[in-house]
Amino acid sequence: MQEQLKTIKKKVKKALDKDRWEHTKGVAYTACCLAMAYAADTDQAMLAGYLHDCAKSIPNDEKLALCKKHKIALTDVEQRNPYLIHAKLGAFLAKKEYGVEDEAICHAIQVHTTGVPDMSLLDKIIFVADYIEPKRDKARRLPEIRETAFHDLDQALLMVLADSIYYLSKGTREIDPMTEKTYDYYKKRMDTNGT
Ligand code: FE
Ligand code: FE
């Protein structure tokens, strides 16, 4: 695992621009810390963190071309907003280009932008780590979400989803219906659990 991690780190660093690489390191270490807090596999969290944005620096037209070439089905929202594709394409590249055989890692990469109802612990860790890693500084409630992430991951997940929807609704980017679906799923679950 350590050897694989070393090779992958080098390769990802080359595939990303400087800022994206700094963000990536932040996500990997934050994911590792969250894995410690929830007794999850730290190696898995680290690897998924390093790879989550591996397709991010590919130009949009190339992202679309790669998906076409490899028959990766895209939704209408993804077609219209190619920046969303890096999650799906990233999961594909993790497997094919970086040799990751662990499906749990690929799934966490695949769902890291929008979330999905009923996420695994690793999925949640990567999703939340992506939002709270130390280099992030613009989002509201960051200190609160960072603290919550280490004692109530589902609550932190819901906060990240709510704030993502809030920011997307104010900006020009389209909201992927999956983000809202995921929010509704966890909100309902939280309400029925009474927490
Ligand atoms: Fe991303
Ligand atoms: Fe990211």
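Here the structure is a predicted model, which is why all the values come from computation and not from measurement. Numbering of ligands and ligand atoms starts at 1, following listing order.
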### Query
Do we see a donor-acceptor contact under 3.5 Å between the side chains of D123 and S120?
yes

Atom pairs and distances, side-chain donor-acceptor, residues 41-48, under 3.5 Å, sequence neighbours left out:
unit_1	atom_1	unit_2	atom_2	d
D41	OD1	D43	N	2.9
D41	OD1	Q44	N	3.1
Q44	NE2	D102	OD2	2.8

### Query
Taking the six-membered ring of Y166 as reference, does the NZ or CZ atom of R140 fall below 6.0 Å from its centre and within a 45° cone about the axis?
yes

### Task
Less than 2.8 Å from the Fe ion (ligand 1) is the window; count the protein N, O or S atoms in it.
3

### Message
For R136, is there an ion pair with D130 - N to carboxylate O distance below 4.0 angstrom?
### Response
yes

### Message
Is it true that, when you exclude K11 itself, more than 12 heavy atoms of the residues, nucleotides or ligands shown sit nearer than 6.0 Å to its NZ?
### Response
yes

### Task
Apply the side-chain contact (heavy atoms from CB on, under 4.5 Å) test between L89 and each candidate in P82, C67, C54; give the one that qualifies.
C67

